[in-house]
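These numbers come from a predicted model, not from an experiment.
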Amino acid sequence: QLQLVESGGGLVQPGGSLSLSCAAASGFTLDNYAIGWFRQAPGKGREGVFCISSSGRVTMNLDSVKGRFTVSRDNAKNTVYLQMNSTEPEDTAVYYCAAYYRPLLFQHVCSMRADDMEYWGNGTLVTVSS
């Protein structure tokens with residue numbers, strides 16, 4: 001069973017940057033998995049922030065992070081990254097990465113729907129505050 005580990009969370013000032021990583025645990029590969037990044041703010045439901053296809057060619061993002069966040073993947077390192085720039089207090093949340101298997105035919109498809117995900121990491125807390 002695929003295991004995912006997020007890292008890189010912490011405290012950042014408004015307008016600052018933070019880079020989150022989502023790595024497959026030793027012995028696992030992300031090659032055929034589309035990845036989604038989700039977040040859950042205190043008292044709110046979980047929302048999809050970004051996704052990236054298994055090929056890395058297709059991404060989708062939440063409107064509120066457009067132009068501020070980017071996603072990338074390095075399949076050789078079995079790691080997906082979420083680069084957060086120009087952070088805002090509203091970005092404060094626990095960030096989760098999740099994965100679901102995509103056969104080759106669907107290598108250019110990704111989803112930000114939590115119900116589509118098969119595997120989840122434990123999350124990493126991002127706090128944007130001065």
Q) Donor-acceptor pair, Thr92 side chain versus Val128 backbone, under 3.5 Å? A) yes

Q | Heavy-atom closest pair, residues Ser111 and Cys51 | A | O-CB, 3.2 Å

**Q.** 4.5 Å side-chain heavy-atom contact, Gln40 and Tyr95
**A.** no

Q. Do Ser17 and Met84 come close enough that some side-chain heavy atom pair is under 4.5 Å?
A. no

Q.
Whether the side chain of Ser64 engages the backbone of Leu62 through a donor-acceptor N/O pair (distance < 3.5 Å, no angle test) should be reported.
A. no

Q) Are side-chain N/O atoms of Ser53 and Ser55 paired as donor and acceptor at under 3.5 Å? A) yes

Q: Would you please say whether a donor-acceptor pair under 3.5 Å links the side chains of Asn32 and Ser54?
A: no

Q: Decide yes or no for Arg102 and Ile35: does some side-chain heavy atom of the first lie under 4.5 Å from some side-chain heavy atom of the second?
A: no

Q) Can Asp116 and Arg113 be counted as an ion pair, charged N to O under 4.0 angstrom? A) yes

Q: For this output row, return yes or no: ring centroids of Trp37 and Phe69 closer than 6.0 angstrom.
A: no

Q. Any donor and acceptor pair, going by atom type alone, linking the side chain of Gln83 with main-chain N or O of Thr70 inside 3.5 Å?
A. no

(Q) Would Arg73 pass as a cation-pi partner of Tyr81, given that its NZ or CZ must be under 6.0 Å from the six-membered ring centre and within 45 degrees of the axis? (A) no

Q.
Under a 3.5 Å distance rule, please check whether Gln13 uses its side chain to pair with a backbone N or O of Ser130 as donor and acceptor.
A. no

Q.
Count I, L, V, M, F, W, Y as connected when their side-chain heavy atoms are under 4.5 Å apart, and connections chain through other members. Are Tyr96 and Leu18 then in the same cluster?
A. no

(Q) What I'd like to find out is whether the side chain of Phe28 reaches to under 4.5 Å of the side chain of Gln3, using heavy atoms alone. (A) yes

Q: Measure the acute angle between the ring planes of Tyr101 and Tyr33, then classify it against the limits of 30° and 60° as parallel, tilted or perpendicular.
A: perpendicular

Q. Would Gln107 and Asp31 count as a side chain to side chain contact (heavy atoms under 4.5 Å, CB included) if you check the C-alpha gap in whole Å, the side-chain angles of each, and the deciding distance to 0.1 Å?
A. CA-CA 10 Å; Gln107 63 176 313; Asp31 285 0; over 6 Å; no

Q. Which heavy-atom pair separates Asn75 from Leu30 by the least distance, and what is that distance?
A. OD1-O, 4.4 Å

Q: Using modelled atom types only, decide if a donor and an acceptor are shared between the side chain of Glu6 and the backbone of Asn122 within a distance under 3.5 Å.
A: yes

Q) Side chains of Val49 and Asn61: does their closest heavy-atom pair fall under 4.5 Å? A) no

Q: Kindly determine whether Asn78 and Thr29 satisfy side chain to side chain donor-acceptor pair (under 3.5 Å), including the steps that lead there.
A: CA-CA 6 Å; Asn78 287 315; Thr29 176; 3.2 Å; yes

Q) Does the pair Thr87 and Asn85 meet the rule for a side chain to side chain contact (heavy atoms under 4.5 Å, CB included), with working shown? A) CA-CA 5 Å; Thr87 53; Asn85 298 326; over 6 Å; no

Q. Does the pair Arg68 and Glu88 meet the rule for a side chain to side chain contact (heavy atoms under 4.5 Å, CB included), with working shown?
A. CA-CA 10 Å; Arg68 300 190 298 119; Glu88 302 170 353; 3.7 Å; yes

Q. Can you name the closest pair of heavy atoms from Ser129 and Pro14 and give their distance?
A. C-CD, 3.5 Å

Q: List the atom of Ala98, the atom of Phe38, and the distance in Å for their closest heavy-atom pair.
A: CB-CE1, 4.0 Å

Q: Take Thr124 and Leu20 through the side chain to side chain contact (heavy atoms under 4.5 Å, CB included) test and state the conclusion after the steps.
A: CA-CA 8 Å; Thr124 184; Leu20 306 184; 4.1 Å; yes

